[in-house]
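Scroll down for the structure; my scribbles are underneath it.
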Number of protein chains: 2
Amino acid sequence: MEIEEVFGKVLREIRLEKKFSQEELAHICGLDRTYISLMERGKRKPTINTIFALASGLNVLPSSLVLATESIFDLES
Amino acid sequence: MEIEEVFGKVLREIRLEKKFSQEELAHICGLDRTYISLMERGKRKPTINTIFALASGLNVLPSSLVLATESIFDLES
DNA sequence: TCAGTCCACGGACTATAGTCTGCAAAGAAG
DNA sequence: CTTCTTTGCAGACTATAGTCCGTGGACTGA
C-alpha cells in the first residue's frame, strides 16, 4: 500500500472518531469536500501545509497524523 | 514565518548535521538538486511522499521532521 | 592564479495538488 | 413512497510541486 493510501485511512479513521462528515471537515479546514474524499481514498498526496490544516481541523498534532501513517506503513515492509 | 519556511530551516539543519551537500541529499532521495534548494529556502511545500523520501535519505522519521517543524511553528504563534 | 565544490537563482517545462459543479447511489427517517 | 444526508466520482479547470537545463558568485585549497 502506498503512503498516500495509508494516510487516507488514517485521515478517515480520525474524522469518523471526531464525528465529522467530509463536508464539515472540509469547511473547518478551508478545503474542498471532494478533495477530502480524494485524500481518504488515497488518490491525492497532500502537501505539508494541507497536513497542518487537516490536523488543525481535527484538533490533533500534524506529527501525530504522520506518525500514525509511518507506523502502519512500516508494518507492511 | 510560514510553515514551509520553518520546514526548510529544519531540513537544512538536519542535512548539515549529517554532512550532506544538497546534491548528495537529492541523489539519495531521488529528488532534484534545485528542488532541495527551493525547499530549504521555503519556496516549496513538499507533499507527504516527498517528506517520507527526505526522511529516508536523512535517516530520520518522517514524523520527526514534522514534529520539529510544528514545534518551531507553534513557538511563533 | 586556477580548479573544484557548493549553492542561489532563472527559465521553461511536465505532473499533479486542489477547486468547483453537478450527478448518482446508498442509507436513514418520516 | 418521499426527503435528507453522506459520499463517490467525473470533467474541466487553476495553481503549484517537482524536473532539467544552465549561469554566476563565494569559498577553499593547490
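Values in this document were obtained by computation on a predicted structure and should not be read as measured data.
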Inset, instruction - Hey, could you give me the CD1/NE2 distance between Ile36(A) and His27(A), rounded to the nearest 0.5 Å? - result: 12.5 Å

Legend entry - Nearest-0.5 Å distance, CD1 of residue Ile14(A) to CZ of residue Phe20(A):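 One gets 11.5 Å once the value is rounded to the nearest 0.5 Å.
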
Legend entry - Donor-acceptor pair between Arg41(A) and Ser37(A) side chains, under 3.5 angstrom: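 Result is yes, a qualifying pair exists.
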
Legend entry - Short side-chain donor-acceptor distance under 3.5 Å, Thr47(A) and Thr50(A): yes

Please report the distance, rounded to the nearest Å, between [atom1] in [X] and [atom2] in [N].
X: Lys45(A); N: dG18(D); atom1: NZ; atom2: C1'; result: 11 Å
X: Asp32(A); N: dA15(D); atom1: CG; atom2: C1'; result: 14 Å
X: Leu25(A); N: dT19(C); atom1: CG; atom2: C1'; result: 16 Å
X: Tyr35(B); N: dA15(C); atom1: OH; atom2: C1'; result: 12 Å
X: Glu24(B); N: dT5(C); atom1: CD; atom2: P; result: 11 Å
X: Ile36(A); N: dT19(C); atom1: CD1; atom2: C1'; result: 12 Å
X: Ile48(A); N: dT16(D); atom1: CD1; atom2: P; result: 17 Å
X: Lys19(B); N: dT5(C); atom1: NZ; atom2: P; result: 18 Å

Heavy-atom side-chain contact between [X] and [Y] under 4.5 Å:
X: Met1(B); Y: Phe73(B); result: no
X: Phe7(A); Y: Leu54(A); result: yes
X: Asn49(B); Y: Glu4(A); result: yes

Inset, instruction - Report, as a single string ordered 5' to 3', how protein heavy atoms within less than 4.0 Å touch nucleotides 24-30 of chain D: B base, S sugar-phosphate only, - not at all. - result: -------

Under 3.5 Å, is there a donor-acceptor pair between the side chain of [X] and the main chain of [Y]?
X: Thr69(A); Y: Leu65(A); result: yes
X: Ser71(B); Y: Leu67(B); result: yes
X: Ser56(A); Y: Phe52(A); result: no

Inset, instruction - Mind running a 4.0 Å heavy-atom check of residues 54-64 of chain B against DNA chain C and sending the residues that fall below it, in number order? - result: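 Here the set is empty: none.
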
Under-3.5 Å N/O pairs linking protein and nucleotides 7-13 of chain C:
residue: dC7(C); atom: OP1; partner: Arg15(B); partner atom: NH1; Å: 2.9
residue: dC7(C); atom: OP1; partner: Arg15(B); partner atom: NH2; Å: 3.4
residue: dC7(C); atom: OP2; partner: Gln22(B); partner atom: N; Å: 2.7
residue: dA8(C); atom: OP1; partner: Arg12(B); partner atom: NH1; Å: 3.2
residue: dA8(C); atom: OP1; partner: Arg12(B); partner atom: NH2; Å: 2.5
residue: dA8(C); atom: OP2; partner: Gln22(B); partner atom: OE1; Å: 3.4
residue: dA8(C); atom: OP2; partner: Gln22(B); partner atom: NE2; Å: 2.8
residue: dA8(C); atom: OP2; partner: Ser37(B); partner atom: OG; Å: 2.9
residue: dA8(C); atom: N6; partner: Arg33(B); partner atom: NH1; Å: 3.4
residue: dC9(C); atom: OP2; partner: Arg41(B); partner atom: NH1; Å: 2.7

Legend entry - Which residues share a salt bridge (charged side-chain N to carboxylate O under 4.0 Å, His left out) with Glu40(B), sequence neighbours left out: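 Expected list: Arg12(B), Arg15(B).
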
Inset, instruction - Look at the side-chain N and O atoms of Thr50(B) and state whether any lies under 4.0 Å from the OP1 or OP2 oxygen of dG18(D). - result: yes

Inset, instruction - Considering non-hydrogen atoms only, spot the tightest contact between Arg44(B) and Pro46(B) and give its length. - result: O-CD, 3.5 Å

Legend entry - Nearest non-hydrogen partners of Gly57(A) and Leu25(A), listed with the distance: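 Looking at all heavy atoms of both residues, the shortest contact is C-CD1, 4.3 Å.
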
Legend entry - Listed once per pair and sorted, the salt bridge (charged side-chain N to carboxylate O under 4.0 Å, His left out) pairs that draw on residues 65-76 of chain B, sequence neighbours left out: none

Legend entry - Divergence of helical axes at both termini of the helix from dT1(C)-dA30(D) to dG30(C)-dC1(D) - five pairs an end, 10° steps: 40°

